[in-house]
Number of protein chains: 2
Amino acid sequence: MQKQQHLSKNQKIVLDHVEKANQPLKAYSILYNVQKKGLKAPLQVYRALDKLVEIGKIHKIESRNAFVACKNSNCVVSNATAFSICEGCEKVTEINNSKLSKYLGNFEDSSGMKYSKYNLEFFGLCKKCKNK
Amino acid sequence: MQKQQHLSKNQKIVLDHVEKANQPLKAYSILYNVQKKGLKAPLQVYRALDKLVEIGKIHKIESRNAFVACKNSNCVVSNATAFSICEGCEKVTEINNSKLSKYLGNFEDSSGMKYSKYNLEFFGLCKKCKNK
DNA sequence: TACATAACGTTATATTATAACAATATACGA
DNA sequence: TCGTATATTGTTATAATATAACGTTATGTA
Ligand SMILES: [Zn+2]
Ligand SMILES: [Zn+2]
Ligand SMILES: [Zn+2]
Ligand SMILES: [Zn+2]
């Protein structure tokens with residue numbers, strides 16, 4: 001079987017909601033907000049999220065336990081993610097920088113281990129928060 | 001007041017245990033193992049971990065919710081961490097690569113945001129696991 | 001149709017982390 | 001050495017995040 005072409009009902013509902021948010025959402029906040037659409041239990045949300053993360057439509061912000069829709073239309077590389085996180089207002093932006101992804105994609109350390117995936121999270125203060 | 005010079009009792013107990021482990025430990029596994037030393041509640045462990053992370057003696061592996069002792073004797077840069085994680089055996093190694101840290105430490109993206117901290121996690125298969 | 005795989009629904013439970021409050025200990029300048 | 005601010009401790013309860021286990025239903029493909 002090929003890689004999945006279309007999303008299931010629950011997957012669509014969750015992706016829709018996360019895409020509209022424009023910011024990372026917590027799993028239980030998603031759950032609360034899609035209950036009117038019929039998803040009643042945490043597992044229904046987590047299963048949809050798992051699949052959406054797997055196919056790269058959604059990324060998990062590990063340091064925040066939160067989920068955000070991929071903004072890189074060309075993000076075939078769901079296995080190579082980088083984010084900028086403001087510690088003031090918690091604004092999160094996906095970084096789309098080809099130099100960075102090339103550098104990290106080719107990175108090898110002394111162990112000789114070749115990596116198939118990475119996740120990078122930068123922290124700081126956004127412009128707005130810096131000027132407070 | 002200066003940056004703290006010496007650790008408190010609970011902090012020492014937790015750091016000791018984590019340093020002996022040579023691998024990331026979960027908070028509740030730490031708790032279980034230091035109960036004989038008098039730490040009875042999760043908060044006692046979490047508080048010690050918080051402080052140890054803050055001063056760079058311990059790092060948190062975000063994708064695993066686990067804690068590992070810093071191996072870079074010179075890790076003044078607890079705000080600049082990079083790890084290699086084997087998805088087969090879960091072996092985690094702290095990466096100490098000056099080129100990488102220089103590259104990431106100076107990284108700026110289009111937003112003009114200057115970062116004060118980053119965490120990078122690489123995933124793959126270690127030599128052992130690749131040959132299975 | 002038949003079979004394999006993916007998705008679903010549901011209940012219960014495991015795991016990770018923090019709130020809130022009161023008491024002690026420690027550092028350090030006056 | 002006293003006063004005071006800060007850090008640390010102890011404790012109970014609870015919040016937040018995530019998965020196990022089970023049986024059913026839908027979907028793709030030969
Ligand atoms: Zn993306
Ligand atoms: Zn901000
Ligand atoms: Zn370190
Ligand atoms: Zn391995």
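Convention: sequence-line order gives letters A, B, ...; per-chain numbering from 1.
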Query raised in the report: To the nearest angstrom, how far is A:Ile30 atom CD1 from D:dA16 atom P?
Result: 16 Å
Report task. May I ask you to decide if the ring planes of A:Tyr46 and A:Phe67 are parallel, tilted or perpendicular, using 30° and 60° as cut-offs? Result -> perpendicular
Report task. Ignoring backbone atoms, test whether B:Lys51 places a side-chain nitrogen or oxygen under 4.0 Å from the OP1 or OP2 oxygen of D:dA7. Result -> no
Query - Heavy-atom side-chain contact between B:Leu120 and A:Leu104 under 4.5 Å - result: yes
Query - Footprint string (nucleotides 8-19 of chain C, 5' to 3'): B base within contact, S backbone only, - free, heavy atoms under 4.0 Å - result: BBBB----BBBB
Requested in this report: Calculate the interatomic distance between B:Lys37 atom NZ and D:dT9 atom P; express it in whole Å.
Outcome: 15 Å
Report summary line: The complete set of side chain to side chain donor-acceptor pair (under 3.5 Å) pairs with one or both residues in residues 27-45 of chain B, sequence neighbours excluded, reads none
Query - Distance-only polar pair, side chains of A:Asn106 and A:Glu108, donor-acceptor under 3.5 Å - result: no
Query raised in the report: Between B:Lys117 and A:Glu87, is there a salt bridge with N-O shorter than 4.0 Å?
Result: yes
Requested in this report: Assert yes or no for the condition that the ring centre distance of B:Phe107 to A:Phe122 is strictly below 6.0 Å.
Outcome: yes
Query raised in the report: Are OP1 or OP2 of D:dT27 and a side-chain N or O of A:His6 less than 4.0 angstrom apart?
Result: no
**Report entry** Separation of atom CG in B:Leu52 from atom P in D:dA7, rounded to whole Å
**Finding:** 15 Å
